[in-house]
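What follows is a single structure, written as structure tokens, with notes after it.
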2 protein chains.
Amino acid sequence: MELTQEMIKGTVVPVMLKLLTERAMYGYELIRVVNERTHNALQWKEGTLYPWLHRLEADGLIRGEWDEAANGRQRKYYRITRKGAAALETSVHEWVALSSAVNAILLAPSMA
Amino acid sequence: MELTQEMIKGTVVPVMLKLLTERAMYGYELIRVVNERTHNALQWKEGTLYPWLHRLEADGLIRGEWDEAANGRQRKYYRITRKGAAALETSVHEWVALSSAVNAILLAPSMA
DNA sequence: GATGACGCCTCGGAACACGAGGTATGTAGC
DNA sequence: GCTACATACCTCGTGTTCCGAGGCGTCATC
């Protein structure tokens, strides 16, 4: 019963989309950036990330493109599409509605 | 790809535990109360709730007891245990850490 | 030439949600 | 008394998902 992991699940997609609005990134980079920015509150794993990238690309929310980095490595850079930006907006609203509803319950003062 | 449902998952357990600190409740009641209090932002279903009640009872976080309501119906009232209260505190902390991390990303101003 | 970081990926076991179904009792209307 | 619906409990099967473990190739460091 891993509570934390369960909580994280639903946030993967909006967070991914949001980060890709800032700049195009490749998978490995997304993992590093998220773990840094959240101080490991969200611990993204490759086994979760890559399938999602493929799914979102199949759905047309992001588009990937191979490119050669300065260090000579091949990387697949993803950038968000117009459709993805719309989906992001929707899911941010959902997140706000959900998290404030949950906060209203969880952070209410306990009865004596 | 139901984004909202995914988000909700991780919040079920802490919300359940929190509500049971307010007063003992039975399953059917929990569903009604949650849907009311969150204006259907969290839409709890029986198929999700009952298995969780049994799981949490098996783990000793809550304890259920049959009782007869004023209207003559048999209801199973659950109340939180000491162990459950400790688990609640932990998972509330996790929720706060997670939701503020996600908010920091999602609500950041977009680049132009 | 070996080790480890980088960078992509897939597979399979385990866990989970929830629609659909079941049972039983109370109330309301006729 | 009968029917229909809300209450109240529950389970099962299908479909979905996570993620640890593993594989593959490249580059830098020693």
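Everything numeric here is computed off the predicted structure, so don't read it as measured data. Chain naming here is simple, since letters A, B, ... match the order of the sequence lines and numbering starts at 1 in each.
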Value in whole Å for how far the [atom2] atom of [N] lies from [atom1] of [X]:
X       : N      : atom1 : atom2 : value
B:Glu68 : D:dC9  : CD    : P     : 14 Å
B:Gln43 : C:dA17 : CD    : C1'   : 14 Å
A:Leu49 : D:dT17 : CG    : P     : 15 Å

Which nucleotide in the list [options] gets nearest to the side chain of [X]?
X       : options                : result
A:Trp66 : D:dT17, C:dG7, C:dC8   : C:dC8
B:Pro51 : D:dT11, D:dC9, C:dC8   : D:dT11
B:Arg55 : C:dC6, D:dT7, C:dA17   : C:dA17
B:Tyr78 : C:dA17, D:dA6, D:dC10  : D:dC10
B:Arg73 : C:dT25, D:dC10, C:dC8  : C:dT25
B:Trp52 : D:dC10, C:dC16, D:dT26 : C:dC16
A:Tyr26 : D:dT17, C:dG7, C:dA17  : C:dG7
B:Thr48 : C:dC6, C:dA17, D:dC10  : C:dA17
A:Lys45 : D:dA8, C:dG19, D:dG20  : D:dG20

### Task
Mind checking A:Glu29 for me? I need base, sugar-phosphate or nothing, with any heavy atom below 4.0 Å counting as a touch.
nothing
### Query
Touch check for B:Arg75, heavy atoms < 4.0 angstrom, all strands: base, sugar-phosphate only, or nothing?
sugar-phosphate
### Task
Check the side chains of B:Tyr77 and B:Arg79 for a donor-acceptor pair under 3.5 angstrom, ignoring hydrogens and angles.
no
### Query
Does D:dC10 have OP1 or OP2 sitting under 4.0 Å from an N or O in the side chain of B:Tyr50?
no
#### Entry: Presence of B:His54 side-chain N/O under 4.0 Å of D:dT11 phosphate oxygens OP1/OP2
yes
Are any non-hydrogen side-chain atoms of [X] and [Y] less than 4.5 angstrom apart?
X       : Y       : answer
A:Ile31 : A:Lys45 : no
A:Tyr50 : A:Tyr28 : yes
B:Lys76 : B:Glu65 : no

### Message
Among A:Leu53, A:Leu56, A:Leu19, A:Leu61, exactly one meets side chain to side chain contact (heavy atoms under 4.5 Å, CB included) together with A:Tyr78. Which residue is that?
### Response
A:Leu53
#### Entry: Check: D:dC9 base within 3.5 Å donor-acceptor of B:Gln74 side chain
no
### Task
On DNA chain D, check which nucleotide each of A:Gly47 and B:Tyr77 is closest to and give me the residue with the more 5' one.
B:Tyr77
